[in-house]
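See below for the structure under consideration.
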Amino acid sequence: MEQNTDERKIEEILAPNGTKGFLNRFIFGIIYGLAVIIPGISGAAISIIFKLYDNLLYSVSNLFKKFKICFIYLLPILLGFCIGFIVGFFAIQKLLEVLPFSLILLFAGLMIGSFPIVLKEIKGNKRNIKNTSLFLAGLLIPSLILIFTVILNFSTLQNDAQGIIDNVDDATRYFGDFPFWMFLAAIPIGMVMGVTQVVPGLSASAFLMMIGWFSPIMDSIHFDYIKNNPKIILLLLILVIGFVAGFFLTSKLIDFAINKNRITTYQVIVGLSLGSILTMFLNPDIFTIYLSWYYNGIVGTRGIVDIALAVPLLIGGVILAYVLVRFEMKKTAEN
């Protein structure tokens, strides 16, 4: 009996099933884990560079339907992901305490430099009303979320700006006594984080920055804070559950949408990606830094160094990401 399309596609997914394929997916998993925690790096874009995007999307969306073979394919990615995520989390946590402004600009540079890999998907598309409208819709979504967040939390951001000088951690200022609405909000927030790992050009951490949750979450992962605020464990657990749900549901949706109409789907994705880049320069975390400069000036040698490194790191991030993207494009063209 002739194999159906799904069975043939599964065989393609499992093609690199030797030691080399296992190590390749393990290394990808480490970088993918870093991509989740580092704003400016899209996990989906990394999977495109590794040429694993379509296979990863298919194996995740069919995990329960074809559990054994899909799980075997995903296992090294999962192992690497855990390592990359943990290492990246604690590294970023420490660096944000020292160089918050320049580090955020590095993240922005990485997003700018990797944008061409998403943009190339709509190269040559007709510039008609439909495609332009879809692109603008994608562009407006992160922009509107950012504007709404900044306006709604402007007074809190002002207090946060003073809090930077007072050495009050962001977790204490933001989460407070953990009102019930935060636990409800964690569900859709976690799901959107999962979405960012499927849609190329988007970043989970960049989204958290956009809504003002990034710094509070980073500051909350300390023994003393967890000991005094055990409710943070429940909040983080809800985020993880939402993340997994969003990842699996979106994998199925994007897989269907790309197969149905790749051009239309990527018009929206490119708009979302560009909108996310713009929000890196005015998200609540960096806006708090701007306000701190306005109210308090640049404080100490650390503040001067932070500003001095900002532009070089921005340019370095653009160059690094662009070199990787060009390498991927060249390799794809040769094949």
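This is a predicted model, so every value here is computed, not measured. Quick note: residue numbers are just sequence positions, from 1.
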Between side-chain atoms of residues 89-110 and protein atoms elsewhere (two or more places apart, or another chain), which donor-acceptor pairs fall under 3.5 Å?
unit_1 : atom_1 : unit_2 : atom_2 : d
Gln93  : NE2    : Met218 : O      : 2.6
Gln93  : NE2    : Ile221 : O      : 3.1
Ser102 : OG     : Asp306 : OD1    : 2.8

Close side-chain approach of Trp293 and Ile307, heavy atoms under 4.5 Å |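 With C-beta onward as the side chain, the pair touches.
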From [X] atom [atom1] to [Y] atom [atom2], the distance as rounded to the nearest 0.5 Å:
| X | Y | atom1 | atom2 | value |
| --- | --- | --- | --- | --- |
| Ile286 | Phe214 | CD1 | CZ | 12.5 Å |
| Phe207 | Met193 | CZ | CE | 8.5 Å |
| Leu139 | Thr132 | CG | OG1 | 12.0 Å |

Which of these, Leu234, Val240, Ile241, Leu236, sits in a side chain to side chain contact (heavy atoms under 4.5 Å, CB included) with Ile238?
->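 Passing option: Leu234.
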Residue of the set Ile129, Asn131, Leu136 for which side chain to side chain contact (heavy atoms under 4.5 Å, CB included) holds with Ser133 =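 Checked Ile129, Asn131, Leu136 against Ser133; only one passes side chain to side chain contact (heavy atoms under 4.5 Å, CB included): Ile129.
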In terms of ring plane angle, is the pair Phe178 and Tyr225 parallel, tilted or perpendicular, where the classes change at 30° and 60°?
->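 It falls in the tilted class, 30° to 60°.
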Thr264: what forms a side-chain hydrogen bond (donor to acceptor under 3.5 Å, both in side chains) with it, not counting sequence neighbours?
->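 Only Asn261 meet the side-chain hydrogen bond (donor to acceptor under 3.5 Å, both in side chains) criterion with Thr264.
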With [X] via side-chain contact (heavy atoms from CB on, under 4.5 Å) - residues at least two apart:
| X | value |
| --- | --- |
| Ile226 | Ile232, Ile233 |
| Ser143 | none |
| Val268 | Leu134, Leu272 |
| Phe71 | Leu63, Phe67, Leu75 |

Shared hydrophobic cluster, [X] / [Y] (ILVMFWY, side-chain heavy atoms < 4.5 Å):
| X | Y | value |
| --- | --- | --- |
| Tyr290 | Leu146 | yes |
| Phe287 | Ile151 | no |
| Phe248 | Leu239 | yes |
| Phe175 | Leu237 | no |
| Leu184 | Leu152 | no |

